[in-house]
Amino acid sequence: MCSIVNRLKPALAYTLCLQTTGHLRKVPAHMGPGLRTSKQPLESVIIRPYCAGMELGKGPFFRQLFESVSSTYTYLLADTESREAVLIDPVLETVDRDLKLIEELGFNLKVAVNTHCHADHITGTGQLKNRLFGMKSAISKHSGASADILLSDGDKISFGKHYLTVRETPGHTDGCVTLVTGDQSMAFTGDTLLIRGCGRTDFQQGCSRRLYESVHQKIFTLPPQCLVFPAHDYKGQTASTVGEESRFNPRLTKSVEEFVDIMTKLNLPKPAKIDIAVPANLVCGLHEV
């Protein structure tokens, strides 16, 4: 028995070193062997902080979900004590999946919030409201859409002891918001900031200058270690950081004039579902009610 405990000590030390500050932290060398590959020195092992908070019970429960047709990410956050939960950017086609997960985990979905009025898919918020008594919908007051809660800059969406702060980040649409956790370790950027990209600005009140200003003033001012979780990704990437995007984003590291020129020349095709998605999303996804 003692030999088993001794063998587990490095792993226990590794677990205890996890932080909830949002920093990617290196594991100190004195913690001993057993946690690296033969080609990877112990000092270079990197840990993921958003999982750390869950393990230590200090940060919210977090789950990233994916809808493959529109390449949309839906995010579930919850307080593990009160069981209150928030769902960000639900998709109509995955409502059953999301409800099953929420029920299995014993959470009470308090709010379903959209980061903007989507043009490429119909939100699942309306169907969730129909099936979960007391759940409220939320979206920016500048979106033009109906919802129980119309959000403004600085508003807080609370779930148990945790909360998300609303930062208005227009440019892709007038009603785009970025949702930031209370400790600023995670930012849910919608279509405003994508991983090594950004949302298009050629329709639905789009404005390249406003988007550029939104990112630089409201997102790039967050701590560099803050994790960035967008509404979409088309290349298999799941997350980035504010520091990475402020250094490596090929569009948003340019001058504002260069950025505007890049966005003007994109010549992207019209979203396939825009004609049904936008009208539906203006009424919380209840397009047939």
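Quantities reported herein were computed from a predicted structural model and do not represent experimental measurements.
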Can you tell me if CD on E103 sees more than 12 non-hydrogen neighbours from other groups inside 6.0 Å? no
Electrostatic pair K254-D261, nearest N-O below 4.0 angstrom: no
Whether E104 and R63 form a salt bridge (side-chain N of Lys/Arg under 4.0 Å from carboxylate O of Asp/Glu) is what I want to check. no
Do the ring planes of H121 and H232 sit parallel (below 30°), tilted (30 to 60°) or perpendicular (above 60°)? perpendicular
Check whether any side-chain N or O of K161 sits under 3.5 Å from a backbone N or O of D79 as a donor-acceptor pair, and report yes or no. no
Does a donor on one side chain sit under 3.5 Å from an acceptor on the other, for T169 and T178? yes
Quick check on the hydrophobic clustering: are I195 and V215 connected, directly or via other members, by side-chain heavy-atom contacts under 4.5 Å? no
Is a side-chain N or O of R251 found less than 3.5 angstrom from the main chain of I262, in a donor-acceptor match? no
So ring-ring contact (aromatic ring centres under 6.0 Å, His included) across residues 237-279, not counting sequence neighbours, yields Y212-F259
What one should report as the nearest heavy-atom pair of V260 and S208 is CG2-CB, 4.0 Å
Under the 3.5 angstrom rule, does the side chain of D148 hit a backbone N or O of S137 as a donor-acceptor pair? yes
Treating N281 as the side-chain partner and I122 as the backbone partner, does any N or O pair qualify as donor plus acceptor under 3.5 Å? no
Check step by step if side chain to side chain donor-acceptor pair (under 3.5 Å) holds for D89 and T115. CA-CA 6 Å; D89 287 335; T115 54; 2.9 Å; yes
Please find the pair of heavy atoms, one from P230 and one from L193, that lie closest to each other, and give the distance. CB-O, 3.6 Å
Does the side chain to side chain donor-acceptor pair (under 3.5 Å) test come out yes or no for N114 and T125, once each step is laid out? CA-CA 8 Å; N114 284 290; T125 308; 2.9 Å; yes
For the side chain of K110 and the backbone of S158, is there at least one donor-acceptor N/O pair under 3.5 Å apart? yes
If I compare all heavy atoms of V86 with all of I157, which pair ends up nearest, and what's the gap? CG2-CG2, 4.0 Å
Set out, in order, the CA-CA distance, both residues' side-chain angles and the distance that settles ring-ring contact (aromatic ring centres under 6.0 Å, His included) for F229 and Y75, then state yes or no. CA-CA 9 Å; F229 293 102; Y75 299 98; 5.6 Å; yes
Expected output: side-chain R83 to main-chain L105 donor-acceptor under 3.5 Å: yes
For E67 and T94, test the side chains for any donor-to-acceptor distance below 3.5 angstrom and give the result as yes or no. no
What closest approach, in Å, do Q64 and T238 show between heavy atoms, and which atom pair accounts for it? NE2-O, 2.8 Å
So which heavy atom on E245 is nearest to which on G197, and how close? OE1-N, 4.3 Å
In this structure, is the centre-to-centre distance between the rings of F159 and F107 below 6.0 Å? no
Less than 4.0 Å between a side-chain N and a carboxylate O, is that true for D96 and R131? yes
Would you say the side-chain atoms of T189 pair up with the backbone N or O of T192, donor to acceptor, closer than 3.5 Å? no
Backbone of S255 reached by a side-chain donor or acceptor of E258 within 3.5 Å: yes
Check the angle between the aromatic planes of F203 and H172 and answer parallel, tilted or perpendicular using the 30° and 60° thresholds. perpendicular
Minimum heavy-atom separation for A138 and L151, please, with both atom names. CB-CD1, 4.1 Å
Lys/Arg N to Asp/Glu carboxylate O, R210 vs D174, below 4.0 Å: yes
When rounded to the nearest 0.5 angstrom, what distance separates CZ in R247 from OG1 in T253? 11.0 Å
Does Q204 reach the main-chain N or O of T173 with its side chain, forming a donor-acceptor pair under 3.5 Å? no
Is any side-chain heavy atom of S140 less than 4.5 Å from a side-chain heavy atom of H116? no
Test your reading of the model: is there a side-chain donor-acceptor pair from T181 to the backbone of M186, 3.5 Å cut-off? yes
Quick one: CD on Q205 to OG on S143, what's the gap to the nearest 0.5 Å? 9.0 Å
Answer yes if L76 and L132 sit in the same cluster of Ile, Leu, Val, Met, Phe, Trp and Tyr residues linked by side chain heavy atoms under 4.5 Å apart, and no otherwise. yes
